[in-house]
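Since we're looking at a predicted model, the values are computed, not measured. Labels below follow one simple rule: chain letters A, B, ... track the order of the sequence lines, proteins then strands, and each chain is numbered from 1.
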2 protein chains.
Amino acid sequence: MRVGQLAARTGLTTKTIRFYESAGVLPAPARRPSGYRDYDEGAVDRLAFVKAAQAAGLSLAEIREIITVRASSGAPCQHVLTLLDSHAADLDRRIAELTALRADVKRLRSRAGTLDPATCDPTTVCQVIPADGVARPVPTL
Amino acid sequence: MRVGQLAARTGLTTKTIRFYESAGVLPAPARRPSGYRDYDEGAVDRLAFVKAAQAAGLSLAEIREIITVRASSGAPCQHVLTLLDSHAADLDRRIAELTALRADVKRLRSRAGTLDPATCDPTTVCQVIPADGVARPVPTL
DNA sequence: CTTGACCTTCCAGCGCAGTGGAAGCCCTAG
DNA sequence: CTAGGGCTTCCACTGCGCTGGAAGGTCAAG
């Protein structure tokens, strides 16, 4: 099938499919004499895998890694488990950071109700956000 | 003071300070005859505000907004409150997404222990990540 | 006078996952 | 023959907050 039909069947755009090929997560397909890409059913499975892996939070680089391991040394199970563990740990960290940030923001917000706009000094721009209010490093949003 | 000393006093780099000027969150300072930037104490306060606002999760664009409002129409309290509220709501959403993703990842991880590597089919790349496993859209990490 | 630290400007690139557009070829229907 | 829809390639751009480097001016110490 041509790229348009593959796009229709996977819900991706033709742009994205060609981009995935260049990103190394979809093998370059056969070509018709015209130069058109000619995909087999395997491409549908492959794109389903890419989508699932993305939904699990893996980057295209990590997905490419998995595919490479699979192709060169068989089942990439251990590799994938390590990835999932490290992502779960990332998520734990990120969630903790965001939760702390949310607490800070809500604290600022509720403190704001007790402030008198008249006491607001232009040099500090806005007293709702005090210079010593949140000394935390900015988490990756 | 010159940019290097301002950098030393704020813990930023000279690059970052000049970048902040171009981003509109730090006013252009006076210049010495040599062309060197010459900052006053206000710059230290301003950078402290920028840091605090960043730590509260505001982007440079939002910080610039606040500064503009402050300069043109006095205390930007209401504007800032709206921003904080909307950020808190964003954080709620993001945390919920990440928490759901984490649950998915951990589910995949624990399910993986029950799988036999021998049943792993190359067309699906890796059975640890099943095509129908996580149908969730990818949240912004 | 020279060295070296400091400063100036401007341009480029990072990471990430695409998206947009231009110029041009292929194929079929009318 | 022409219109159109699909396909090809390539290059540029998005957002965000910087960071790196090149080419050159300034200034104080030795």
Practice prompt. Quickly work out the B:Glu62 CD to D:dC16 C1' distance and round it to whole Å.
Written response: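 After rounding, the gap between these two atoms is 12 Å.
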Worksheet item: Would B:Leu58 and A:Ile129 satisfy side chain to side chain contact (heavy atoms under 4.5 Å, CB included), going step by step from the backbone distance to the final call?
Response: CA-CA 11 Å; B:Leu58 304 187; A:Ile129 299 171; 3.7 Å; yes
Discussion item. Test salt bridge (Lys or Arg N to Asp or Glu O under 4.0 Å) on A:Asp40 and A:Arg46; report intermediate values, then the result.
Written reply: CA-CA 10 Å; A:Asp40 58 21; A:Arg46 169 58 62 87; over 6 Å; no
Contacts under 3.5 angstrom, residues 20-30 of chain B side chains, donor-acceptor by atom type, not counting sequence neighbours:
from	atom 1	to	atom 2	distance (Å)
B:Tyr20	OH	B:Gln54	OE1	3.3
B:Glu21	OE1	B:Arg37	NE	2.8
B:Ser22	OG	B:Phe19	O	2.8

Discussion item. With each end axis built from five pairs of C1' atoms, what bend angle do you get for the helix from C:dC1-D:dG30 to C:dG30-D:dC1? Round to 10°.
Written reply: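 Inter-axis angle at the termini of the helix from C:dC1-D:dG30 to C:dG30-D:dC1: 40°.
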Worksheet item: By side-chain contact (heavy atoms from CB on, under 4.5 Å), which residues pair with B:Ser59, not counting sequence neighbours?
Response: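 Counting only residues at least two positions away or on another chain, B:Ser59 forms a side-chain contact (heavy atoms from CB on, under 4.5 Å) with B:Ala61, B:Glu62.
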Fill in: Taking every non-hydrogen atom, the tightest pair across A:Ala48 and B:Ala131
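Nearest heavy atoms, A:Ala48 then B:Ala131: CB-CB, 4.0 Å.
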Worksheet item: Which heavy atom in A:Ala56 sits nearest to a heavy atom in B:Leu101, and how many Å separate them?
Response: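 For A:Ala56 versus B:Leu101, the nearest heavy atoms are C-CD1, 3.9 Å.
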Discussion item. Please confirm whether the shortest side-chain N or O distance from A:Arg18 to OP1 or OP2 of D:dT8 is below 4.0 Å.
Written reply: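 A:Arg18 to D:dT8 OP1/OP2: side-chain N or O found under 4.0 Å.
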Can you name the residues that form a side chain to side chain donor-acceptor pair (under 3.5 Å) with [X], not counting sequence neighbours?
X: B:Thr13; answer: B:Thr16
X: B:Thr10; answer: none
X: A:Glu41; answer: A:Arg9

Discussion item. Just by distance, no angles: are the side chains of A:Thr68 and A:Arg64 close enough, under 3.5 Å, to form a donor-acceptor pair?
Written reply: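 Their side chains do not contain a donor-acceptor pair, so the 3.5 Å distance test is not met.
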Worksheet item: Taking only residues two or more places apart in sequence, or in another chain, which ones meet A:Arg109 in a salt bridge (Lys or Arg N to Asp or Glu O under 4.0 Å)?
Response: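 Result, salt bridge (Lys or Arg N to Asp or Glu O under 4.0 Å) vs A:Arg109: B:Asp85.
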Worksheet item: Considering residues at least two apart in sequence or located in another chain, which fulfil the salt bridge (Lys or Arg N to Asp or Glu O under 4.0 Å) criterion with A:Arg93?
Response: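 Applying salt bridge (Lys or Arg N to Asp or Glu O under 4.0 Å) to A:Arg93 gives A:Asp90.
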Discussion item. If hydrophobic clusters are built from ILVMFWY residues whose side chains come within less than 4.5 Å, do B:Val44 and B:Phe49 share one?
Written reply: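 The answer is yes; both residues are in one hydrophobic cluster.
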Discussion item. Can you confirm whether B:Ile67 sits close enough to A:Cys126 that some side-chain heavy atom of one is under 4.5 Å from a side-chain heavy atom of the other?
Written reply: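 Side-chain contact under 4.5 Å: no.
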Item to complete: Within residues 3-11 of chain B, find the residues that approach DNA chain C with a heavy atom at under 4.0 Å, and present them sorted by residue number.
Response: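 Per residue number, the list reads B:Val3, B:Gly4.
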Fill in: Sorted by number, the residues of residues 25-32 of chain A with heavy-atom contact under 4.0 Å to DNA chain C
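Here the set is empty: none.
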Worksheet item: Is it true that a side-chain atom of A:Asp38 and a backbone atom of A:Arg31 form a donor plus acceptor pair closer than 3.5 Å?
Response: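 Here the side-chain-to-backbone pair does not exist.
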Discussion item. With heavy atoms of chain A within less than 4.0 Å as the criterion, where does contact along DNA chain C begin and end?
Written reply: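 Answer, 5' to 3': C:dA17 to C:dC27.
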Worksheet item: Could you run down nucleotides 17-30 of chain D 5' to 3' and tag each one B, S or - for protein heavy-atom contact under 4.0 Å?
Response: BBSBB---BBS---
